[in-house]
Amino acid sequence: MPLRSHERIALPQTAALVVLALGLLFAWLTPTRGHHDLNYLAELAVVLAAGAMSVLAVRGHMVSGAVKVSLLPALLLCWPLCQVLLTLVRGVSVYPELLAAPVLALVAGLLLVGTLDQLRASGQGWRADRILSRTVLLGALLTAWTVLVQARLLPDPTGWVILPPPGIVPVSNFHQRNLAALLMSMGMAVLWHWRGTSVPQGRFCLQVVGTFYLALALALTQSRAGVLLPALGVACVALGRVMPATLAGRWRWLGWNLLGPVAVVVGSQVLVLWALQHVPTNGLSPVASVGTGVQRLAEGEGLAMRWQIMLHGVRQWMDQPLVGGGWGSHPGWLYLHAEGLPWPRYSTHTHNLLSHLLGETGLLGVLPLLGVTGALAWNLRRLRVGPEDPHLGMHLAFVVVVLVHSMVEYPLWNTYFLVPFCWSLVRLAQGRVPEMEWPGRRLSTLLSLGGVFLVTAGALCLWALLGAIDTRFA
């Protein structure tokens, strides 16, 4: 019979997911950012970890029975691959890395879909939930630590943290404040998710302490996203927790279990911002400048710049409304039209998911994507979070937070955020969207071949990247 021994099947797949989690932690915390070539090391770390995950997941055990594969998440990942192929067929001139990087990232996402579906078939899907939650929480806490080290509030005995020049606002090892805010917001959602599932009520103070710790780091980065995303993520987790009670007519649970966590998160952010503005810092740098720099959160110049960047995608779309300029074509298009555009004149992305896809893929690319996304949302409209699926509120928070952030940034263009997003999306979709049965042995073979391809391609890219770095810095 297929899947006869659940534990024997789950063990290699669980170990494989741990390998992927380690790759994510390295990518989130690596101090190699700040240079164009070095930025790709974090991407390749996740690619190699995903390839190793896929090989380890099926090593020594080929599932012989049928496995239900979540169809809509797989289609969402196949759609960009088709756009890359179409760009090559059209002969569009694009920077090679703008085609190679998404191919590797999307293959990693597809391999994760297969691995999670196999794990669910063995009855061990909850292991994937625990691995993801612990990985995100640890990454968020360590990212907050890097921010506090850069603010000269904590020591760094490891020498791992990138120290900015004095007076520069801390932005973590991401070298980008909004990405750091996104990860810390996801970590805050995990904190309150644990309170609603396995953490006893007596440990409520730990969640509050952790919330203030992350809120301090978020405030120090001066990220606008860091103001909205934490409360949004915690609200999704809390909504998942109170949903069974409200369905049963117990509306008295709504106040504390939904509004209480959100009030604690918002209150902690307000108190931290007030303290940074009014509490003496004794000349500490860059904390001293943060107190007078909180007004950045409300200034209009940055918002106007984002709006102009988003409009660049619309302007590119107007050139070719049906098919767009081609996947990865926006930087080249912007360079050619820079003289006739309002500021800012150069950006690799429009900082808005829909605007960017519209400019590069046109209506024929965006409309099918919106159709698949709408079908996925329609199938999830009756999502019910209960004792049998206690982690769905956390997955909902991750998906919502990343999608909202994609309206002003482009986290899905980073493999180390695309993979957790796919992880949560698949877990939300399993058993709730149309599925396709695959023979277990065939799926295992595809996962093995895909893992070998990903490891080989990632290793070749890493070898070429290190060679280019040695040549440039020689």
Asks: Quick one: CG on Leu428 to CG on Leu376, what's the gap to the nearest 0.5 Å?
Replies: 8.5 Å
Asks: Quick one, Thr221 and Ser172 - any side-chain contact, counting heavy atoms below 4.5 Å?
Replies: no
Asks: What are the two closest non-hydrogen atoms of Ala140 and Leu214, and how far apart are they?
Replies: O-CD2, 3.8 Å
Asks: Do Met394 and Val190 come close enough that some side-chain heavy atom pair is under 4.5 Å?
Replies: yes
Asks: Is a side-chain donor or acceptor of Tyr213 paired with a backbone partner of Trp145 at a separation under 3.5 angstrom?
Replies: yes
Asks: Closest heavy-atom contact between Pro230 and Met188?
Replies: CB-SD, 3.7 Å
Asks: Can you give each donor-acceptor pair under 3.5 Å made by side-chain atoms of residues 86-93, sequence neighbours left out, with the distance rounded to 0.1 Å?
Replies:
residue	atom	partner	partner atom	Å
Thr87	OG1	Gln83	O	2.8
Thr87	OG1	Trp327	N	2.7
Arg90	NH1	Val323	O	3.3
Arg90	NH1	Gly324	O	3.3
Arg90	NH2	Gly324	O	2.9

Asks: Check whether the side chains of Asp129 and His395 place a donor and an acceptor atom closer than 3.5 Å, and report yes or no.
Replies: yes
Asks: Is it the case that the side chain of Trp28 and the backbone of Ala180 share a donor-acceptor pair, with hydrogens and angles ignored and the cut-off at 3.5 Å?
Replies: no
Asks: Yes or no on side-chain contact (heavy atoms from CB on, under 4.5 Å) for Val18 and Thr135, after CA distance, side-chain angles and deciding distance?
Replies: CA-CA 9 Å; Val18 170; Thr135 303; over 6 Å; no
Asks: Would you say the ring centers of Trp413 and His349 fall short of 6.0 Å from each other?
Replies: yes
Asks: When Val107 is tested against each of Leu112, Leu77, Leu454 for side-chain contact (heavy atoms from CB on, under 4.5 Å), which residue passes?
Replies: Leu454
Asks: Flag the pair Phe398 / Val237 as yes when at least one side-chain heavy-atom distance between them is below 4.5 Å, and no otherwise.
Replies: no
Asks: Heavy-atom distance under 4.5 Å between the side chains of Thr373 and Leu76, does that happen here?
Replies: yes
Asks: Indicate whether the side chain of Trp192 and that of Thr211 have a donor and an acceptor atom separated by less than 3.5 Å.
Replies: yes
Asks: For the pair Asn178 (side chain) and Leu182 (backbone), establish whether a donor and an acceptor sit closer than 3.5 Å, ignoring hydrogens and angles.
Replies: no
Asks: For the side chain of Trp423 and the backbone of Leu132, is there at least one donor-acceptor N/O pair under 3.5 Å apart?
Replies: no
Asks: Got a salt bridge between Glu409 and Arg224, using NZ or NE/NH1/NH2 to carboxylate O under 4.0 Å?
Replies: no
Asks: Do Gln430 and Ser70 get their side chains close enough for a donor-acceptor pair, meaning under 3.5 Å?
Replies: no
Asks: Checking Ser133 side chain against Arg130 main chain: does a donor-acceptor pair fall under 3.5 Å?
Replies: yes
Asks: Report the residue from Val149, Asn173, Thr32, Thr146 that forms a side-chain contact (heavy atoms from CB on, under 4.5 Å) with Ile162.
Replies: Asn173
Asks: Test side-chain contact (heavy atoms from CB on, under 4.5 Å) on Gln176 and Val171; report intermediate values, then the result.
Replies: CA-CA 6 Å; Gln176 216 280 353; Val171 291; over 6 Å; no
Asks: Check step by step if side-chain contact (heavy atoms from CB on, under 4.5 Å) holds for Val234 and Gln207.
Replies: CA-CA 12 Å; Val234 172; Gln207 274 70 33; over 6 Å; no
Asks: Between Asn352 and Thr350, is any side-chain donor less than 3.5 angstrom from a side-chain acceptor?
Replies: no
Asks: Search all heavy atoms of Val19 against all heavy atoms of Ala52 and return the closest pair with its distance.
Replies: CG1-CB, 4.1 Å
Asks: To the nearest 0.5 Å, what is the distance between CG on Leu396 and NE2 on His391?
Replies: 14.5 Å
Asks: In terms of ring plane angle, is the pair Phe417 and Phe174 parallel, tilted or perpendicular, where the classes change at 30° and 60°?
Replies: parallel
Asks: Search all heavy atoms of Ala128 against all heavy atoms of Leu17 and return the closest pair with its distance.
Replies: CB-CD1, 3.7 Å
Asks: For Asp319 and Trp333, what are the C-alpha separation, side-chain angles and deciding distance, and is it a side chain to side chain donor-acceptor pair (under 3.5 Å)?
Replies: CA-CA 10 Å; Asp319 288 348; Trp333 179 90; 2.7 Å; yes
Asks: Does the side chain of Pro321 come within less than 4.5 Å of Trp317's, by heavy atoms?
Replies: yes
Asks: State, to 0.1 Å, how close Ala225 and Ala181 come at their nearest heavy-atom pair, and which atoms those are.
Replies: C-CB, 4.5 Å
Asks: Supply the atom-to-atom distance Thr445 OG1 to Trp438 CH2, rounded to the nearest 0.5 angstrom.
Replies: 10.5 Å
Asks: Looking at side-chain heavy atoms only, is the closest gap between Leu81 and Leu85 below 4.5 Å?
Replies: no
Asks: Taking atom types as modelled, is there a side-chain donor on His356 or Glu360 under 3.5 Å from an acceptor on the other?
Replies: yes
Asks: So Trp79 and Thr361, side-chain contact (heavy atoms from CB on, under 4.5 Å) or not? Walk me through it.
Replies: CA-CA 11 Å; Trp79 174 84; Thr361 66; 4.0 Å; yes
Asks: Do Pro411 and Ser406 have side chains that get closer than 4.5 Å, going by heavy atoms?
Replies: yes
Asks: Could Arg120 and Glu435 be called an ion pair, given the rule that one side-chain N must be under 4.0 Å from one carboxylate O?
Replies: yes
Asks: Taking C-beta and beyond as the side chain, do Thr415 and Glu43 meet within less than 4.5 Å on heavy atoms?
Replies: yes
Asks: The criterion is side chain to side chain contact (heavy atoms under 4.5 Å, CB included); which residues satisfy it with Leu403, sequence neighbours excluded?
Replies: Val399, Phe421
Asks: So, for Tyr95 and Gly332, which heavy atoms are closest and what is the spacing to 0.1 Å?
Replies: CE1-N, 4.4 Å
Asks: Quick one: NZ on Lys68 to CD on Gln118, what's the gap to the nearest 0.5 Å?
Replies: 15.0 Å
Asks: Once rounded to the nearest 0.5 Å, what's the spacing between atom CZ of Arg177 and atom CG of Leu218?
Replies: 12.5 Å
Asks: Once rounded to the nearest 0.5 Å, what's the spacing between atom CG of Leu20 and atom CD1 of Ile131?
Replies: 9.0 Å
